[in-house]
K.L.:
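Here's a structure for you.
All values below were derived from every heavy atom in this structure, side-chain atoms included, with hydrogens, water molecules and symmetry-related copies excluded.
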Amino acid sequence: MIELHPLGTARRTLGIGLALPEDRVQVPPEFSAPERAAEIDDALVWQCWELVRLEREARKHRPLFFLCAAVLVAQRRGSTRLSLCERALESVLAELGASEADRTAVRELLGEGSDLLGGPDSDRPLLREGEALYTRKNRLLEVRVAAAFARRLAAPPSIEDGAVEGAVAALRDHPARIGGKDFVLNEEQEEAVRRAARLPLTVISGGPGTGKTQIVVSILRVLVRLGVSLDSVALAAPTGKAANRMKESIRKTLEALETPAAEDLPLISYPFEPRTLHRLLGFSPSAGTFRHHEENPLEPDVVIVDEASMIDLGLMDRLLRSLRPTARLVLLGDADQLPSVDAGAVLRDLVPDEGSSPDDPRTRASVRLQRSYRMDPSDPSGRAILRIARAIRAGDAEGASDFPVRERPDDLVFDRVEALGPDALDAFLLRWYAEHYDFGLDDPRRRVWEIQQGRFTDEKGLRNLFARYERARVLCLTRVHRLGADAINDRLHRLHLEATGADPSSVFVLGEPLMMRRNDYDRGLFNGDQGLVLRVRSESEARAQLRVVFPWGEGFRAFPLDLAASLRPCWAMTVHKSQGSEYDRVALVLPDVDTPVLTREALYTAFTRARKSVVLVGEASLYRRGIERRLLRDSGLVERLQGMLAMAGG
C-alpha cells in the first residue's frame, strides 16, 4: 500500500530527499495506534506534522504534536479555542494517549514558548491569549465577528419608535385571519417584530412552534407599512432545505390571510425566494471565493436569516463582512438546539441565558420566545412531548424519563413519548416500516409519473406522496456508528427490498427515499436535499425509467440515477441533518455505547422534531447520561463582545 505523505507520495516512496530537516519529525506512535481518539485521522495527523516541522528544537517535537492535536481536536468538536485550564487540558491530552511525562512536557512547553506559539497579536500559527490557545485563523474570525456585532449593538436605531409602534399597532387592528381564527402576536412576538424593524441587529430565539414563521411574516408586514421596498429585503438560511421550508412557510401563511389589508397585497403577490447563505453571498465553488464582501457589499437594506443556530463562526464572519453598515440583520433560530457542525456556537453566544443581568449588552438585541404553538399545550400529544423536551433542556433526567417503556414493538401506540429497550431494535424497525411505508394495494409509488412540457402532470399527487414520507423519520446520533444512520438505512433498505420483491443487488429501489450527500452545483442540488426513486416517463420517451425526483421550487424535477455516487438512502438521518424539519412521528435510536455526541442538546433537538409521537429506542442509562451531558463549546466570543462594548462605553 502506498503511504500518503504531505511532502509528496512519490518522493516518499522512492526515497528522494528524505534527509531534509523537516522530514525528520517523527509522528508519535500513539497517533497511529488502532485505539487512537476518534477525531485523530490521517488528515489531522499530517496537519500536526506540517506545524511541528516548523519547530527547530527537536526536543519540542513530541509535546508540540500533542498540543497541536489537542487544539485541532477541540476545533473539530466545535470549540473556537482550547482551554488551558488544568482540568480541560489534562482531559483532552489523556484522550489523545499522552502519558504523564507528555503532559508535563506540554505544560513546560507552554511556559517556555516555541517557534509555533506566540502571543495574541503575533503571526505564529498558535496564539495564546490568557488561559486559551487559538489557531491564528480562529482568533482572527472571533475578533472580527465580535467587532461586527459590537458595532451593531452600539449603533442607534435606524427608525424612530413612533413609526414602528404605528406599524405594529396596525397589525393589531388588522390581524392575520388564518383558518377562521385571528392570529394576534403575543407580547414576546410583538417585541421581536418591533426590534427587528428598528435595530441594526436582532436575535430571535425560540423552540419549535414558537411562531418564528409568523414573526417573519409580521416583520415583512411591518416593513411594508414603514415604506421598505420588498426588493430591498433578503431572506436566507444555511441550507437549501431550510431555505425551501422558509419559502413554503411564508407562502402558506400569506395565502391563508382571509382578510388582508391593502398594505398586505404586495406581500401576497411578491415572489419571495429565500436563498442559502452561500448563494446570497455569491459563493463560487470553482474558485472557492465569495462575490460579496467589504468591498462589494450586499444591496438589501434588511437581511433575515432563519435556522441561524446552524451558522458556524466562519460563515457568520462572511455574512457580517458582506452587510452594508446601515443594513439591518435579523437572526432567527433555537439557541438550545445543536449548534453548527463546524466551529462556533454563535447564536447561543448571542442569546443571554434566562435570568441574565439586564445590563448584559446582548439583551438589547435578543428576544426569547417561550410559548410553543406546534406542540400545542391544548393537545395531549403535543403537551407530553413539550413537557419532556423542556425537562431535557433543563437537565432534569427524572422528569425527562416520565414516559412508558413498552415491552414489545407491537405494544407501541405511536402517541406522545414511548420507549423500547435496545434488544427490540430489529423488531421495531419491522413494525416501523409496516406502519409508515406499507402503502397497500393502492401504492402511488408503483405508478408511472408523466412529464409534459417539462412539468409533472400530477404535481398534487407527488406532493401528497412526499408528504407521506415527511410524516415520520428515524433519527440517529451519528452516521457511521454501529447503530448510526448508515446502519439503520441499510436495515430499512433490506426491508424495502423484501417488501417490494426487488433485485437484492439493487443499490436503490423504487420508492426509496434518498438524500444528497454532497453539493452538485451543475444540477442545482445540495447536500441534504431529499428525493424519491420513482418511475418517470417524459413525452419524448417510449418507456418509463427509474429516476430520482426532487422537490424543485413550486414543482418537481427528475434526475437520472447516475447521481448514485452523490446519494444515500434516508429512511434514517442524523439529528444534525434533521434540524429545520418537523415530523408527526420521530423514532430516536440511541447508540449502544456512550459517545460524546450523546448530549442534552442532541436529545432536545431530536424530540422537538416531533409533533405527535416520539419513540426512544435504546438503553435508559445512556439516555439519562445524555441528558446530564452539556455540549460544551469553548469560545471567547461573549467576553470579547462585552469587552469591546465596555471600552466603547456601550
Side-chain angles (χ1 to χ4, degrees), residues 149 152-176 178 181-228 233 235 246 249-250 253 261 263-264 267 301-309 327-337 346-374 377 390 393 641 645 650:
F149 281 135
R152 291 184 168 275
L153 286 171
S158 54
I159 298 179
E160 294 296 328
D161 285 354
V164 174
E165 286 301 331
V168 172
L171 297 195
R172 291 192 216 108
D173 296 337
H174 300 282
I178 301 173
K181 296 182 180 179
D182 287 343
F183 178 83
V184 179
L185 294 172
N186 63 36
E187 186 175 339
E188 60 191 15
Q189 291 172 325
E190 198 171 272
E191 182 59 27
V193 172
R194 189 180 291 112
R195 294 189 189 188
R198 64 190 295 269
L199 296 179
L201 171 67
T202 305
V203 183
I204 302 168
S205 174
T210 49
K212 293 191 290 293
T213 298
Q214 293 288 356
I215 287 174
V216 171
V217 172
S218 297
I219 291 170
L220 294 171
R221 295 179 72 198
V222 165
L223 290 175
V224 167
R225 286 162 170 79
L226 292 171
V228 176
V233 178
L235 303 173
M246 188 182 191
S249 298
I250 291 172
T253 302
E263 294 89 346
D264 297 320
L267 288 167
D301 296 317
V302 182
V303 177
I304 302 174
V305 184
D306 198 11
E307 297 295 343
S309 64
R328 278 163 279 174
L329 175 63
V330 182
L331 301 173
L332 299 103
D334 186 349
D336 296 312
Q337 269 189 199
V346 182
L347 186 73
R348 183 191 301 177
D349 286 344
L350 287 174
V351 178
D353 295 332
E354 296 177 47
S356 294
S357 167
D359 295 331
D360 189 322
R362 295 172 295 169
T363 60
R364 306 171 190 173
S366 64
V367 178
R368 272 190 179 269
L369 307 176
Q370 303 288 352
R371 181 179 175 186
S372 176
Y373 292 89
R374 180 196 300 175
R390 285 176 171 167
R393 187 180 65 185
L641 176 61
L645 287 167

K.L.:
For residues Leu641 and Arg362, determine if any side-chain heavy atom of one lies less than 4.5 Å from a side-chain heavy atom of the other.
P.N.:
yes
K.L.:
Does any part of the side chain of Arg195, heavy atoms only, come nearer than 4.5 Å to the side chain of Val164, both counted from C-beta?
P.N.:
no
K.L.:
Between Arg368 and Asp336 (salt bridge meaning N to carboxylate O under 4.0 Å), is one present in this structure?
P.N.:
yes
K.L.:
How long is the gap from CG on Leu645 to CZ on Phe149, to the nearest 0.5 Å?
P.N.:
12.0 Å
K.L.:
Do Leu171 and Ser218 have side chains that get closer than 4.5 Å, going by heavy atoms?
P.N.:
yes
K.L.:
Does Arg328 reach the side chain of Leu223, with side-chain heavy atoms less than 4.5 Å apart?
P.N.:
yes
K.L.:
Mind jotting down which residue pairs meet the side-chain hydrogen bond (donor to acceptor under 3.5 Å, both in side chains) criterion with at least one end in residues 198-207? Sequence neighbours excluded, please.
P.N.:
Asp161-Arg198
K.L.:
Over all heavy atoms of both residues, which pair between Arg225 and Ala261 is shortest? Give the atoms and the distance, please.
P.N.:
NH2-CB, 3.6 Å
K.L.:
Roughly how far, to the nearest 0.5 Å, is the CD1 atom of Ile215 from the CD atom of Gln189?
P.N.:
4.5 Å
K.L.:
For the CD atom of Glu263 and the CG atom of Leu226, what is their distance to the nearest 0.5 Å?
P.N.:
11.0 Å
K.L.:
List the atom of Pro200, the atom of Pro156, and the distance in Å for their closest heavy-atom pair.
P.N.:
CG-O, 3.7 Å
K.L.:
Does any part of the side chain of Gln337, heavy atoms only, come nearer than 4.5 Å to the side chain of Arg348, both counted from C-beta?
P.N.:
no
K.L.:
Pair Val203, Val367 - check side-chain contact (heavy atoms from CB on, under 4.5 Å), show working.
P.N.:
CA-CA 6 Å; Val203 183; Val367 178; over 6 Å; no
K.L.:
Calculate, to the nearest 0.5 Å, the distance between atoms CD1 and CG belonging to Ile250 and Leu235 respectively.
P.N.:
5.0 Å
K.L.:
Counting C-beta onward and ignoring hydrogens, is there a side-chain heavy-atom pair between Ile204 and Leu331 closer than 4.5 Å?
P.N.:
no
K.L.:
What distance separates Leu153 CG from Thr363 OG1, expressed to the nearest 0.5 Å?
P.N.:
9.5 Å
K.L.:
Quick check: do Glu187 and Glu190 have side-chain heavy atoms less than 4.5 Å from each other?
P.N.:
no
K.L.:
Quick check for you: to the nearest 0.5 Å, what is the distance between Ile159 atom CD1 and Leu199 atom CG?
P.N.:
10.0 Å
K.L.:
Is it true that Asp264 and Arg221 make a salt bridge, defined as a side-chain N closer than 4.0 Å to a carboxylate O?
P.N.:
yes
K.L.:
So Val330 and Val305, do their side chains get closer than 4.5 Å, heavy atoms only?
P.N.:
no
K.L.:
Val233 and side-chain contact (heavy atoms from CB on, under 4.5 Å): which partner among Val303, Ile219, Val224, Val228?
P.N.:
Val228
